[in-house]
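Shown next, in structure tokens, is the structure this report addresses.
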Amino acid sequence: MFWRYYKTPYRTQDPNNPWPVILWLQGKPGASGVGAGNFEEVGPLDSFLKPRNCTWLTKEDLLLCFVEDEKLLVKTDEEAATDLTYFTY
């Protein structure tokens, strides 16, 4: 699994108000969250590597994930829940 984690420059260190992390799940072969989601939708840079006018990083951190091996793609909600539990544990 490949992943990309962006920390927002607007993060505050307040223990009473934890900073959210968005796990961006998108996918099918050829339309990964790391590529399409990152550069065409929510990441800090657009597909021309220019800073985006609007990015989700103003309010939260962002985690994008990608797998190349199609055998690793989940096919059910239960598989996704198991993988996410393992990944975040």
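All values reported here derive from a predicted model rather than from experimental measurement.
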Taking side chain as C-beta onward, heavy atoms only, is [X] less than 4.5 Å from [Y]?
X   : Y   : value
W56 : T8  : no
Y6  : L64 : yes
Y10 : L57 : no
L62 : W24 : yes

Is it the case that atom NZ in K50 sees more than 12 heavy atoms from other parts of the structure closer than 6.0 Å?
no
Specify the closest pair of heavy atoms between E60 and P20, including all atoms of both residues, with the distance to one decimal.
CB-O, 3.3 Å
Smallest heavy-atom separation, Y5 atom then L63 atom, equals CB-CD1, 4.0 Å
Could you check whether any side-chain N or O of R52 sits under 3.5 Å from a backbone N or O of P44, counting only pairs where one atom can act as donor and the other as acceptor?
no
Taking S47 for the side chain and F39 for the main chain, is one N or O donor matched with an acceptor at less than 3.5 Å?
no
Rounded to the nearest 0.5 Å, what's the gap from OG1 on T55 to CD on E41? Could you check?
11.5 Å
